[in-house]
*Asks:* 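The following block contains the structure, expressed as structure tokens.
Proteins get letters first, then strands, A, B, ... in listed order; numbering begins at 1 in each.
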Number of protein chains: 2
Amino acid sequence: MRITADDVAKAAGVSRAMVSRAFTPGASVSAKKREHVLAVAQTLGYRPNLIARGLTGQRTGLIAVVVGEISRPYEAWLLEHLAQALSAHGYQPLLLPMFKDASLTEILDHALAYQVDGAIVAAGSVSREVADRCRASGAPLVLIGRVLEKSETDAVCCDNSKGMHLLVDRLVRQGRRRIAWLGGTLDTFSDQERQLGVEQALAHHELALTAQLRGDFSLHSGVEEGGRLLDAGLALDGIMCANDAMALGVVEAAAQRGIKVPDEVAITGFDDVPGAAWGRCPLTTVRNPVRETALAALRLLDARLQTPGRATQVVRVGVTLIERASA
Amino acid sequence: MRITADDVAKAAGVSRAMVSRAFTPGASVSAKKREHVLAVAQTLGYRPNLIARGLTGQRTGLIAVVVGEISRPYEAWLLEHLAQALSAHGYQPLLLPMFKDASLTEILDHALAYQVDGAIVAAGSVSREVADRCRASGAPLVLIGRVLEKSETDAVCCDNSKGMHLLVDRLVRQGRRRIAWLGGTLDTFSDQERQLGVEQALAHHELALTAQLRGDFSLHSGVEEGGRLLDAGLALDGIMCANDAMALGVVEAAAQRGIKVPDEVAITGFDDVPGAAWGRCPLTTVRNPVRETALAALRLLDARLQTPGRATQVVRVGVTLIERASA
DNA sequence: CACTATTTTGCACGCGCTTTCAAAAATAGC
DNA sequence: GCTATTTTTGAAAGCGCGTGCAAAATAGTG
């Protein structure tokens, strides 16, 4: 039924080993024979079985990609770049969606059973235990958007603190003083860093948050919680959000109440997802460089695959202030 | 280094075959022995190597998922549901991003080399040739959002024609007569069906399109081409778009020109992506049931894996009119 | 041409697992 | 207690491929 290297070998009048070598760049074959074998393989429609190849060789080419809710713009965007970068480098992304109640440990265990060469995790909270388990299996782990302090796990993460400082400085320079924070899900690393960044930046101006609430990074929660903030009678003149989706939600909530953005209240996001520029009010936000992030993650993975013993590296990709109408 | 079934066998004092059977539901093992083996495996941290298993068994559990630009809301949404449905059923989605210039044939070839059990394709134009090649490899193909006429390929697709009839009827009932069409990329199946649907529905009211242009399904192209339509001096009172993203773009273009939506011109989308409700003007659109679509695709795949000889089936998932402010 | 240095080739083993087959153990039947 | 079944087990043969090793072929040298 399925054509194997044996079939090609017979048809080409060589041994099976020759077929294998013909398909292995840099193997010891005469150019003439390789060409011949390749031609025969072509006419037979043969392609090496990568599963079988993965069994012998140490590499399967499979990379586990763990990502949260793909339907969220930032995650989708990141996933697109990751998938592209991976397949461009000869890897195959094995997509592991992270359900709400799933444990990262189980998910990665399952991936390891597929002998993935490595894993890129951009979701969930990664415990040291998980990281260790991966290292034990010889599958390098690269984190995106979360950093395990003092741990030996490569990671790439944008400069959340810097981003928030940029935004705060801008708001303060505009004379805003009563600023609220709309955070995301509690256990999220980015959220923590971002909130910390805001507080530090405010402290730098001898200010503090007037209020704080948390949503779940969704546009809907932005509408809900943003509305709650606006209705609280706090005379806010700025609302800073942990991501763009929530910020767009807050813009919506303000519009529903006839509150003018940015005249009465400034609203800021984070990430600069496609779409941040197009809503009811173009968002002032911070660009989280997705492409760079994806490429850095791949570079880290590649480097560790090459040199397993190298020092752990945390790449901080830079952010830039994007000034639009909402602030 | 890595623990194999042999290690477990030795530790448990049984043969390797027993270990294999302990992990195979329904295999011939005494309950007592299975439990013992499983316990030993547990303490050793053993998990069957799914790659090796895939080599012997006929199934790898890998399903190729080909999708276009993931960063587009509809694709992201679909991918999320697909990934979720697949892994819930014990399959593992192998993500194959489709670059602009990549050929679906090559992409699928590569996937087939990984011995995928099947493929779900929601991007690109699928030629009969590609479908045949898949069938030849014994990997069932399920199409999403595109149908090969008279071909023996399972597919699931929303009822584009019905959706467009619903929208046209609504516009006409509002007294709109000068309606333009903003289509998507030319070679797309959905786009063709949708435009045809609009034209048929209009013809039903003895009307025809006043103008037509095409973008590329992106929000940006909606702004561009929508602006072009609005600037053409055609006295349009309705613009129907091939998807939500472009419709949101047209809303934006109208706002830039101070044209009132829906008073002066009605704008409609398609898909009802999350976000269609939240823009500058909540979109009147048609809901494309993503979850149903994903589940149907999985069901089709499962069914054919079970019964390779069954008759080809095209599932048309139903659509519903979502009435919001833009029309 | 003889002889060595260097490719090029084929054989055979192993990767980790499933699965047939026949032998062994357990169970039933009388 | 002994045979006829049935269940449980282990040995062994692959699955499709990579690769170390030694044999064969080729090239190089005097």
*Asks:* Return the value, rounded to whole Å, for the distance between atom CG of L50(A) and atom P of dC17(D).
*Replies:*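 Whole-Å distance recorded here is 9 Å.
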*Asks:* If I take atom CG in residue N49(B) and atom C1' in nucleotide dG14(C), what distance separates them, rounded to the nearest angstrom?
*Replies:* 14 Å
*Asks:* Quick one: label S20(A) by what it contacts on the DNA or RNA (base, sugar-phosphate, nothing), any heavy atom closer than 4.0 Å.
*Replies:* base
*Asks:* Side chain of S28(B) only, heavy atoms from C-beta on: which candidate in dT9(C), dT9(D), dG16(D) is closest?
*Replies:*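 Comparing dT9(C), dT9(D), dG16(D) against the side chain of S28(B), the answer is dT9(D).
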*Asks:* Between R21(A) (CZ) and dT8(C) (P), how many Å, whole number?
*Replies:*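 Value for this atom pair: 11 Å.
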*Asks:* Tell me whether the side-chain N/O atoms of S15(A) come closer than 4.0 Å to OP1 or OP2 in dG10(C).
*Replies:* yes
*Asks:* Between S30(B) and dT9(D), is there a side-chain N or O to OP1/OP2 distance below 4.0 Å?
*Replies:*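 It does, given that an N or O in the side chain of S30(B) lies less than 4.0 Å from OP1 or OP2 of dT9(D).
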*Asks:* Counting the atoms with a prime plus P, OP1 and OP2 as sugar-phosphate, which does A5(A) contact under 4.0 Å by heavy atoms, base, sugar-phosphate, or nothing?
*Replies:*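 Since only primed, P, OP1 and OP2 atoms lie under 4.0 Å of A5(A), the category is sugar-phosphate.
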*Asks:* Measure the distance from CD on Q58(A) to C1' on dT19(D) and round it to the nearest whole Å.
*Replies:* 11 Å
*Asks:* Between K33(B) and dT8(D), does any side-chain N or O lie under 4.0 Å from OP1 or OP2?
*Replies:* no
*Asks:* Is it the case that the side chains of D117(B) and T60(B) hold a donor-acceptor pair, with the cut-off being a distance below 3.5 Å and no angle test?
*Replies:* yes
*Asks:* Decide, yes or no, whether a salt bridge links R316(A) with E193(A) under the criterion of side-chain N to carboxylate O below 4.0 Å.
*Replies:*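 The answer is yes: the pair qualifies as a salt bridge.
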*Asks:* Y114(B) side chain N/O closer than 4.0 Å to the phosphate oxygens (OP1, OP2) of dG16(D)?
*Replies:* no
*Asks:* Across the strands shown, which category fits V19(B) at heavy-atom distances under 4.0 angstrom: base, sugar-phosphate, nothing?
*Replies:*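 Answer is nothing: V19(B) stays at 4.0 Å or more from every strand.
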*Asks:* Whether the E292(A) and H81(A) side chains hold a donor-acceptor pair (N or O, under 3.5 Å, no angle test) is what I'd like checked.
*Replies:* no
*Asks:* Would you say the side-chain atoms of E80(A) pair up with the backbone N or O of I70(B), donor to acceptor, closer than 3.5 Å?
*Replies:* yes
*Asks:* Could you give the CZ-to-P distance, from R2(A) to dG16(D), as a whole number of Å?
*Replies:*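 The distance from CZ of R2(A) to P of dG16(D) comes to 8 Å, rounded to the nearest Å.
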*Asks:* Identify which nucleotide among dC17(C), dT18(C), dG18(D) has an atom closest to any side-chain atom of R16(A), counting heavy atoms from C-beta outward.
*Replies:*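 The nucleotide sitting nearest to the side chain is dG18(D).
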*Asks:* Any donor-acceptor pair, under 3.5 Å, between the side chain of R34(A) and the base of dT8(C), if you only look at N and O atoms?
*Replies:* no
*Asks:* Specify the separation, in whole Å, of atom NE2 of H36(A) and atom P of dT8(C).
*Replies:*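 So the NE2-P distance, H36(A) to dT8(C), works out to 17 Å.
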*Asks:* Regarding K10(B) and D7(B), does a basic nitrogen lie under 4.0 Å from an acidic carboxylate oxygen?
*Replies:*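 No salt bridge links K10(B) with D7(B).
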*Asks:* Nearest to the side chain of M18(A), heavy atoms from C-beta on, is which of dG10(C), dT19(D), dT18(C)?
*Replies:*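 Looking only at side-chain atoms, M18(A) lies closest to dG10(C).
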*Asks:* Have a look at Y46(A) and say if it touches a base, only the backbone sugar-phosphate, or nothing, with a 4.0 Å heavy-atom cut-off.
*Replies:*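 It contacts sugar-phosphate atoms only.
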*Asks:* In this structure, how many angstroms lie between the P atom of dG16(C) and the CD1 atom of I3(B), rounded?
*Replies:* 12 Å
*Asks:* Can you measure I51(A) atom CD1 to dC15(C) atom C1' for me and round it to whole angstrom units?
*Replies:* 13 Å
